[in-house]
Chemist: 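Dropping the structure in here first, questions after.
Both counts, for ligands and for their atoms, begin at 1 and track the order of listing. In what follows, residues are counted from 1 in the order of the sequence shown.
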Amino acid sequence: MSNTELTESLHGRVLMPDDDGYDDARALFYGGLDLRPAVIVRVADATDVARVVGYARERDLELAVRGGGHSNAGHSTTDGGIVLDVRDLKAVEIDVEGRTAWAETGVTAFEFSSAVGEHGLAVGFGDTGSVGVGGITLGGGVGLLVRKYGLTIDDLLAAEIVTADGELLHVDDEHHPDLFWAIRGGGGNFGVVTRFRFRLHELPTVVGGMLMLPATSEIVAGFIALAEAAPEELSTIANVMPAPPMPFVPEELHGTMCVMALMVYAGDAEAGDRALAPFRALAEPLADMLKPMPYPETYPPEDDSYHPTAVSRTMFIDSVDADVAETIMRWLEGSDASIRVAQLRVLGGAMARVPAEATAFAHRASRIMVNVAAFYEGPEDKVARDVWVEAFAAALRQFDIGAYVNFIGEEGPSALCEPYPGPTLDRLVRIKTRYDPTNLFRLNQNIPPAV
Ligand SMILES: Cc1cc2nc3c(=O)[nH]c(=O)nc-3n(C[C@H](O)[C@H](O)[C@H](O)COP(=O)(O)OP(=O)(O)OC[C@H]3O[C@@H](n4cnc5c(N)ncnc54)[C@H](O)[C@@H]3O)c2cc1C
């Protein structure tokens, strides 16, 4: 098939470097990447997906799959290859009575949450509404309902996927159960998912939003202790960082250390207030925006033109005691990056009750997820900030050697056993070898097929 034949055979749009809209279409959430795909195909349906997969396979082109564009590693673009862009696949079909929904892969977490939220229903994704449902689900999905309902994949009932040979497969517990297991944590290694079927939870309102406290090591350790002891309805993301110059932060506090916490209590307002009271009592809040709201409103507002440049490291740790909190404060205070952060997510609850071997996300017993990040300006600064995040992460590392695949950046894991412990990796390699023996889907945290 030639380029013209490809264009004529598709229902969606094909963008070449000279076309209007090409530069917008190749941009991702993160700035700092300037790769130029030979062609970007904005597919319109599953038939288009199969055609593009066949086209890339026959020509041995590097194939990137792009959904919400939030890949921390820049995997959703390519220099000189082909981008299969699923952003226009946005249909959502809701079965309100049955409490399930099919979502096409191009919807964002916010778009899907808003659609099902109209019926008082919800699935947990992450902390950012513009993240694509495809990317987050395939890696696992750790968000503000994680302790109450588990990971996003714990609500995944079925999916439709175009595999490397161009076939569209329906996968669930009964059909291709090996593939269904693998796509729950194994990322984009196995094909292009066109639709996901989710279980929905009845959740008309939550108590959620942002609580900003001044940060000292006592407050950081105290916050984590409270988050660990809190009822499972409460999930928290504590960002320890210099207070940003946001309108609600008094000017004299800009740049002083704070805990900017995103919190969701998945239950009624009174119980939520009770669960949140000890956090509010840790210190006089700098800002308290926690209130009853529909779940989709917990996603902070976003600006489409915002393309930060940042480096980060991710890991799990077992505890944040006074010493760990002190280390966090010392490292953050010792840097002059415009934005630097240690993000702490207390896990457990429903996520931890799923057996490690039930899905390809095996880190069920991990207690706290940490991401350390620094923004950079330009290539030289990037090197310096990268050295800093690496050293900061090393200072925090404890016994848990795992990492969440969706937060691993362009540095890659130091070994694939970080995201995938031994038995999980062995099984993933067997499934990869069966469904993608030539490693067509390799722009991801790649699981190589056995040779
Ligand atoms: C600001 C920000 C906040 C985040 N917050 C969270 C969070 O709270 N919780 C969390 O769990 N994660 C979070 N993430 C990580 C996020 O889940 C991953 O980066 C995810 O891969 C992004 O999905 P995407 O579709 O937006 O990205 P894309 O860059 O479009 O896709 C990323 C990769 O996923 C694969 N992929 C995407 N769609 C498909 C598909 N349909 N079929 C096959 N493969 C596909 C491809 O390999 C692709 O390279 C965050 C990321 C950012 C940048």
Chemist: Hey, which residues fall under 4.0 Å of ligand 1 on heavy atoms?
Modeler: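 These residues qualify: Phe29, Tyr30, Val65, Arg66, Gly67, Gly68, Gly69, His70, Ser71, Asn72, His75, Ser76, Thr105, Gly126, Asp127, Thr128, Val131, Gly132, Gly134, Gly135, Ile136, Leu138, Gly141, Val142, Gly188, Gly191, Val192, Val193, Arg345, Tyr404, Asn406, Phe407, Leu443, Asn444.
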
Chemist: Between Asp426 and Arg430, is the closest basic N to carboxylate O distance under 4.0 Å?
Modeler: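 Salt bridge: no.
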
Chemist: For Glu233 and Arg147, what are the C-alpha separation, side-chain angles and deciding distance, and is it a salt bridge (charged side-chain N to carboxylate O under 4.0 Å, His left out)?
Modeler: CA-CA 7 Å; Glu233 280 73 14; Arg147 285 161 54 84; over 6 Å; no

Chemist: Looking at Asp85 and Arg26, is there a salt bridge between them, counting it only when a charged N and a carboxylate O are closer than 4.0 Å?
Modeler: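 Salt bridge absent between Arg26 and Asp85.
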
Chemist: Looking at the rings of Phe316 and His363, which for Trp means the six-membered one, are their centres under 6.0 Å apart?
Modeler: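 Ring centroids of Phe316 and His363 are less than 6.0 Å from each other.
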
Chemist: Is the Phe190-Phe441 ring centre distance short of 6.0 angstrom?
Modeler: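 No, ring centres 6.0 Å or more apart.
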
Chemist: Taking ring pair (Phe, Tyr, Trp, His ring centres under 6.0 Å) as the test, write out the residues that go with Tyr435, two or more places apart.
Modeler: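 Counting only residues at least two positions away or on another chain, Tyr435 forms no ring pair (Phe, Tyr, Trp, His ring centres under 6.0 Å).
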
